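All residue numbers in this chain count up from 1 along the given sequence. Small disclaimer: the values here were computed from a predicted structure and weren't measured.
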Amino acid sequence: MNEELILQYRTETDVDEALLKKALWGSVTNSWRKAFYIVIGVVYVVQLGLFAWLGSRTGNYGDLIKWALIFLAAAGFLYFTLHMSVQTSLRRWKEQNHVAVLHMFGGFNEEGFVFGQDDKHSVLHYADLYKIFEVDGVWVLRTKAGLLVFYNAAQLEETDRKSLLALLRQNNPKIKIRLSKK
């Protein structure tokens, strides 16, 4: 493509390891998994309370200690797997980019979100965008497959941010937007 790239709401973002790490953890906490973990935690607390009550009635606290240790092991394993997933994604990013800070641009056209660096760019179609959340003032656009891209909406005026959100909702009514209210 040698033609001039014309974008609406064009911004520039510097992505470093710290921002990427926060975005990866944010992706976990902004997903269905968060609700799943909360439900599992509530079930465990209720179950632990039931075992404590039964232990006090029978005088057998061994089961309570056993279930507490099982929960701690399960929680540790869960955290370890999530931590390893984030670390693997960070290693992939480092292998792909070989820079400490990746300077990239982002903007929108009739096809979708266009992002890239220098003369290279890619397009994420509006229909593929699943969720938008915020990390350190930078919008993180997440696709259905879990790809994360960054957009520096802080460079826009408030009216432009509102019209951009309207554009996103118009082109993808199912998109989930989780941004802080400022």
Check: Side-chain contact, heavy-atom cut-off 4.5 Å: Val138 with Tyr151?
Finding: no
Next item on the list: For the pair Arg161 and Glu158, find out whether any cationic side-chain nitrogen is under 4.0 Å from an anionic carboxylate oxygen.
Entry: yes
Item checked: Full working for side-chain contact (heavy atoms from CB on, under 4.5 Å) between Val86 and Leu82 -> CA-CA 6 Å; Val86 167; Leu82 292 175; 5.8 Å; no
Next item on the list: State, yes or no, whether a side-chain contact exists between Leu167 and Leu164 at a heavy-atom distance under 4.5 Å.
Entry: yes
Notebook entry, point to check: Going through the checks in order, is the side-chain contact (heavy atoms from CB on, under 4.5 Å) test met by Tyr126 and Glu110?
Noted result: CA-CA 9 Å; Tyr126 289 111; Glu110 65 279 347; over 6 Å; no
Checklist line | Hydrophobic cluster (4.5 angstrom, side-chain heavy atoms) - remaining members for Met84 | finding: Phe80
Notebook entry, point to check: Which of parallel (below 30°), tilted (30 to 60°) and perpendicular (above 60°) describes Phe113 and Phe108?
Noted result: tilted
Item checked: pair Val15-Trp93: side-chain heavy atoms closer than 4.5 Å -> yes
Check: Do Glu17 and Lys94 have side-chain heavy atoms sitting under 4.5 Å apart?
Finding: yes
Check: Can any side-chain N or O of Lys144 pair as donor or acceptor with the backbone N or O of Ala127 at less than 3.5 Å?
Finding: yes
Next item on the list: Kindly write out the residues that satisfy salt bridge (Lys or Arg N to Asp or Glu O under 4.0 Å) with Asp136, not counting sequence neighbours, or none if the list is empty.
Entry: Lys22
Margin query: Could you check whether any side-chain N or O of Thr13 sits under 3.5 Å from a backbone N or O of Asn152, counting only pairs where one atom can act as donor and the other as acceptor?
Written below: yes
Note to self: Please check: side-chain N/O of Asn172 versus main-chain N/O of Lys174, any donor-acceptor pairing under 3.5 Å?
What the structure shows: yes
Checklist line | Verdict with supporting geometry, Leu124 and Leu141, side-chain contact (heavy atoms from CB on, under 4.5 Å) | finding: CA-CA 10 Å; Leu124 291 177; Leu141 287 75; 5.5 Å; no
Notebook entry, point to check: Quick one: are His125 and Glu111 in side-chain contact, heavy atoms under 4.5 Å?
Noted result: yes
Margin query: For Phe105, does the six-membered ring have the charged nitrogen or CZ of Arg10 within the cation-pi criterion, i.e. under 6.0 angstrom from the centroid and within 45° of the normal?
Written below: yes
Item checked: Sub-4.5 Å side-chain heavy-atom contact between Leu165 and Leu179 -> yes
Margin query: Keeping Asn109 on the side-chain end and Val114 on the backbone end, is there a donor-acceptor pair under 3.5 Å?
Written below: no
Margin query: Clusters formed by hydrophobic residues whose side-chain heavy atoms approach within less than 4.5 Å: which one holds Val101, and what are its other members?
Written below: none
